[in-house]
Amino acid sequence: MHLFRFLTLSILCTVLIIGVSQTSTQTNNRQQLLALYSKADRLYHEGEEIVNRNDYTEQKEEQLNKDALTVFRNLKAALDKTDPPFDSLSFFVNFKIGVLEHYFDNLPAAKKHYLTAIELKSKLPFLADSFLFKPYLYAGIILYNENLFDSSLIIYKKAESIARSYSIALQGTERLYNTLGALYYETGNYRQAKNYTEKSLSVIPRSNPYYNQLVVNYKINLASILTRLEEFDEANRIYQEILPLNIHRDIVLHNTGVINLRLGAINKALEYFRRVNYTDNRKARLYNDIATAYMNIHKNDSSLFYLQLASATDTSTKKSVVKGQTHQAWGDLLVTENKMKEALTKYQTAITNYYPAFDENDIYNNPMI
């Protein structure tokens with residue numbers, strides 16, 4: 001969770017406008033609110049910057065963010081009670097609460113505050129559109145993770161429109177383009193995915209403390225897209241280029257194995273797969289690919305073994321593409337053994353995982369697309 005905050009350092013200024021026609025009481029109230037904002041904002045920025053200190057620990061960072069969130073919540077309660085029209089302060093308070101809730105993975109609350117900040121901006125014509133860039137970007141990321149691709153695309157396009165209006169790349173532009181690339185990848189538009197991922201690589205600032213990691217991340221994404229486009233030589237070249245960096249080594253090895261699997265170099269694919277040492281639920285996808293490799297060389301017992309491993313490894317109760325791939329490959333295996341009824345059952349389960357809203361187990365009923 002701390003990586004989110006590292007990669008999303010705020011560029012929002014904290015200049016807040018106080019109207020000239022306020023009463024003395026309102027002025028005093030606003031001065032108190034601004035003093036509380038100053039305290040919260042100091043904690044907020046300390047939470048951002050502690051990563052650069054010699055005494056950094058994740059626990060210290062988390063505590064600073066907890067303290068900042070508490071003060072911001074108190075400030076919002078006071079603001080809503082005593083001065084609701086103070087929209088400029090409310091904009092910054094809601095945005096920063098959103099960032100902090102996002103840090104703590106409280107995504108519904110984060111989205112709510114991002115969208116509130118976006119709505120408030122319409123009442124603040126004196127604020128440059130650049131202030132909307134990050135609320136759009138972060139809200140879009142949450143919508144994307146909720147599989148609301150249409151909604152996330154709409155909001156990303158608004159962020160992109162803002163980014164394009166500035167000659168200097170806004171902080172986070174590389175993340176916008178990379179996520180747009182991921183969105184187009186998920187929806188099967190691989191050409192657009194390639195375009196946006198290449199854009200993301202072109203705008204990563206070298207001053208970013210995570211420059212090397214971001215470059216590797218985005219190159220992995222690009223190579224995955226190229227694999228989908230069957231541009232295997234270029235995808236393989238990228239993987240071989242980044243493999244010596246030992247960043248996300250297991251992913252690089254796995255994906256290189258997939259290229260060889262797609263090319264029919266089964267033994268070479270298996271060599272790469274055996275070098276992968278995942279310690280998380282990515283094992284299920286690896287086992288699916290190993291099962292497919294063995295199926296291609298007619299070692300059905302080995303294929304079944306790894307499909308069973310994939311199924312046993314993916315213990316989540318949620319539907320997923322990986323589960324769909326497991327059942328689809330299992331269906332393919334059953335077809336090779338002329339077990340058509342069992343294969344159809346597996347294919348139907350695969351469909352229900354690919355389309356989470358579809359729950360029909362009857363093999364004669366399929367989702368309307």
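Heavy atoms only: backbone and side chains are in, while hydrogens, waters and symmetry mates are out.
For the pair Arg30 and Phe86, the cation-pi test (distance below 6.0 Å, angle within 45°) is passed. Cation-pi check for Lys111 over Tyr114 is not met; the charged atom does not lie both under 6.0 angstrom from the ring centroid and within 45 degrees of its normal. Cation-pi geometry between Lys96 and Phe72 is not met at under 6.0 angstrom from the ring centre and within 45 degrees of the axis.
The structure places CG of Leu124 at 8.0 Å from CZ of Phe92, a figure rounded to the nearest 0.5 Å. Atom OG of Ser152 sits about 6.0 Å away from atom CG of Leu143, to the nearest 0.5 Å. Interatomic distance, CG of Leu115 versus CG of Leu120, reported as 11.0 Å (0.5 Å rounding). Annotation: the span from Asn178 atom CG to Asn217 atom CG amounts to 7.5 Å, rounded to 0.5 Å. In this structure, Asn300 CG and Phe305 CZ are separated by 15.0 Å, a value rounded to the nearest 0.5 Å. In this structure, Asn195 CG and Tyr184 OH are separated by 10.0 Å, a value rounded to the nearest 0.5 Å.
At distances below 3.5 Å, at least one donor-acceptor pair connects side-chain atoms of Thr70 with backbone N or O atoms of Lys66. Judged purely by atom type and a 3.5 angstrom limit, Ser151 has no side-chain atom pairing as donor or acceptor with the backbone of Leu148. Judged by distance alone, with hydrogens and angles left aside, the side-chain atoms of Ser311 form no donor-acceptor pair with the main-chain N or O of Leu307 at under 3.5 Å. In this structure, the side chain of Asn145 engages the main chain of Ile141 through a donor-acceptor pair within 3.5 Å. With hydrogens and angles disregarded, no donor-acceptor distance shorter than 3.5 Å links the side chain of Thr173 to the backbone of Ala169. Distance alone, capped at 3.5 Å, is enough to place a donor-acceptor pair between the Asn260 side chain and the Thr256 backbone. Between the side chain of Thr187 and the main chain of Leu183, a donor-acceptor pair closer than 3.5 Å is present. With hydrogens and angles ignored, the 3.5 Å screen pairs no side-chain donor or acceptor of Asn208 with any backbone N or O of Ile204. Lys121 places a side-chain N or O within donor-acceptor distance of the main-chain N or O of Leu127, the cut-off being under 3.5 Å.
Residues Tyr185 and Val322 are members of separate hydrophobic clusters, defined by side-chain heavy-atom contacts under 4.5 angstrom among Ile, Leu, Val, Met, Phe, Trp and Tyr. A single hydrophobic cluster is seen to contain both Leu263 and Leu270, as judged by linkage of ILVMFWY side chains at heavy-atom distances under 4.5 Å, directly or through other members. Transitive grouping of hydrophobic side chains (ILVMFWY, heavy atoms separated by less than 4.5 Å) keeps Met295 and Ile266 in distinct clusters. At a threshold of 4.5 Å between side-chain heavy atoms, the hydrophobic network of Ile, Leu, Val, Met, Phe, Trp and Tyr places Ile168 and Leu137 in two separate groups.
Residues Asn288 and Thr326 bring a donor and an acceptor atom of their side chains to less than 3.5 Å of each other. In this structure, a donor-acceptor pair under 3.5 Å is present between the side chains of His254 and Asp289. A donor atom on one side chain and an acceptor atom on the other are found under 3.5 Å apart for Gln63 and Asp67. Side-chain N/O atoms of Tyr354 and Gln328 include a donor and acceptor closer than 3.5 Å.
Partners of Tyr272 according to the ring pair (Phe, Tyr, Trp, His ring centres under 6.0 Å) rule, which considers only residues two or more places apart in sequence or in another chain, do not exist here. By the side-chain hydrogen bond (donor to acceptor under 3.5 Å, both in side chains) test, Lys283 is found to be paired with no residue, residues two or more places apart in sequence or in another chain being considered. For Lys158, there are no salt bridge (charged side-chain N to carboxylate O under 4.0 Å, His left out) partners two or more places apart in sequence or in a different chain.
Taking a cutoff of 4.0 Å between a charged side-chain nitrogen and a carboxylate oxygen, Arg42 and Glu48 do not qualify as a salt bridge. Salt-bridge annotation for Arg262 and Glu230: present, with a side-chain N of the basic residue lying under 4.0 Å from a carboxylate O of the acidic one. Between Arg237 and Glu234, at least one side-chain N (NZ, or NE/NH1/NH2) sits under 4.0 Å from a carboxylate O, which counts as a salt bridge. Salt bridge status for Glu160 with Arg164: present, with a side-chain N to carboxylate O gap under 4.0 Å. Here Arg73 pairs with Glu101 in a salt bridge; the nearest charged N to carboxylate O distance falls below 4.0 Å. Glu271 and Arg275 are not joined by a salt bridge, as no carboxylate oxygen comes within less than 4.0 angstrom of a charged side-chain nitrogen.
By the 4.5 Å heavy-atom criterion applied to side chains, Ile142 and His102 are counted as neighbours. Side-chain contact between Leu79 and Tyr37 is absent, with no heavy-atom pair separated by less than 4.5 Å. Asn353 has its side chain out of reach of Val321: every pair of non-hydrogen atoms, C-beta onward, lies at least 4.5 Å apart. Between Arg282 and Ile251 there is a side-chain heavy-atom pair separated by less than 4.5 Å.
For the pair Val51 and Tyr210, the tightest heavy-atom approach, listed with the atom from each and the gap, is CG2-OH, 3.9 Å. Of all the heavy atoms in Tyr166 and Asp129, the pair that sits closest is OH-N, 4.1 Å. Residue Ile238 comes nearest to Lys219 through the heavy atom pair CG2-O, 3.6 Å, listed as atom of the first residue, atom of the second, then distance. The nearest pair of heavy atoms linking Ala343 to Gly331 is CB-O, 3.5 Å. For the pair Ala223 and Ala235, the tightest heavy-atom approach, listed with the atom from each and the gap, is O-CB, 3.5 Å. Residues Ile50 and Gly47 share a closest heavy-atom pair of CG2-O, 3.6 Å.
Residues in residues 245-258 take part in no salt bridge (charged side-chain N to carboxylate O under 4.0 Å, His left out) pair, two or more places apart or across chains.
Between Tyr306 and Tyr287, the ring-plane angle classifies as tilted under the 30° and 60° cut-offs. Ring orientation note: the planes of Tyr196 and Tyr177 are tilted relative to one another, at an angle of 30° to 60°.
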side-chain contact (heavy atoms from CB on, under 4.5 Å) evaluation trace for Tyr294 with Asp301:
CA-CA 9 Å; Tyr294 278 121; Asp301 288 345; over 6 Å; no
Any chance you could lay out the side-chain contact (heavy atoms from CB on, under 4.5 Å) test for Asn236 and Thr227, step after step, and finish with the verdict?
CA-CA 9 Å; Asn236 187 62; Thr227 300; over 6 Å; no
Assess the residue pair Asn94 and Ser90 against the criterion (side-chain hydrogen bond (donor to acceptor under 3.5 Å, both in side chains)); give the C-alpha distance rounded to whole Å, side-chain angles, the decisive distance to 0.1 Å, and a yes or no.
CA-CA 6 Å; Asn94 275 283; Ser90 188; 3.1 Å; yes
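A 6.0 Å sphere centred on CG of Asp55 holds more than 12 heavy atoms belonging to other residues, nucleotides or ligands.
Aromatic pair Tyr144/Phe149: centroids less than 6.0 angstrom apart.
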Which pairs of donor and acceptor atoms, one on a side chain in residues 312-320, lie under 3.5 Å apart (sequence neighbours left out)?
{"unit_1": "Thr313", "atom_1": "OG1", "unit_2": "Leu309", "atom_2": "O", "d": "2.7"}
{"unit_1": "Asp314", "atom_1": "OD1", "unit_2": "Lys323", "atom_2": "NZ", "d": "3.0"}
{"unit_1": "Ser316", "atom_1": "OG", "unit_2": "Lys318", "atom_2": "N", "d": "3.1"}
{"unit_1": "Lys319", "atom_1": "NZ", "unit_2": "Thr352", "atom_2": "O", "d": "3.4"}
{"unit_1": "Lys319", "atom_1": "NZ", "unit_2": "Pro356", "atom_2": "O", "d": "3.1"}
{"unit_1": "Lys319", "atom_1": "NZ", "unit_2": "Phe358", "atom_2": "O", "d": "2.8"}
{"unit_1": "Lys319", "atom_1": "NZ", "unit_2": "Asp359", "atom_2": "OD1", "d": "2.4"}
{"unit_1": "Ser320", "atom_1": "OG", "unit_2": "Lys323", "atom_2": "N", "d": "3.1"}

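With side-chain heavy atoms closer than 4.5 Å counting as contact, directly or through intermediates, the hydrophobic cluster containing Met340 also holds Val335, Tyr347.
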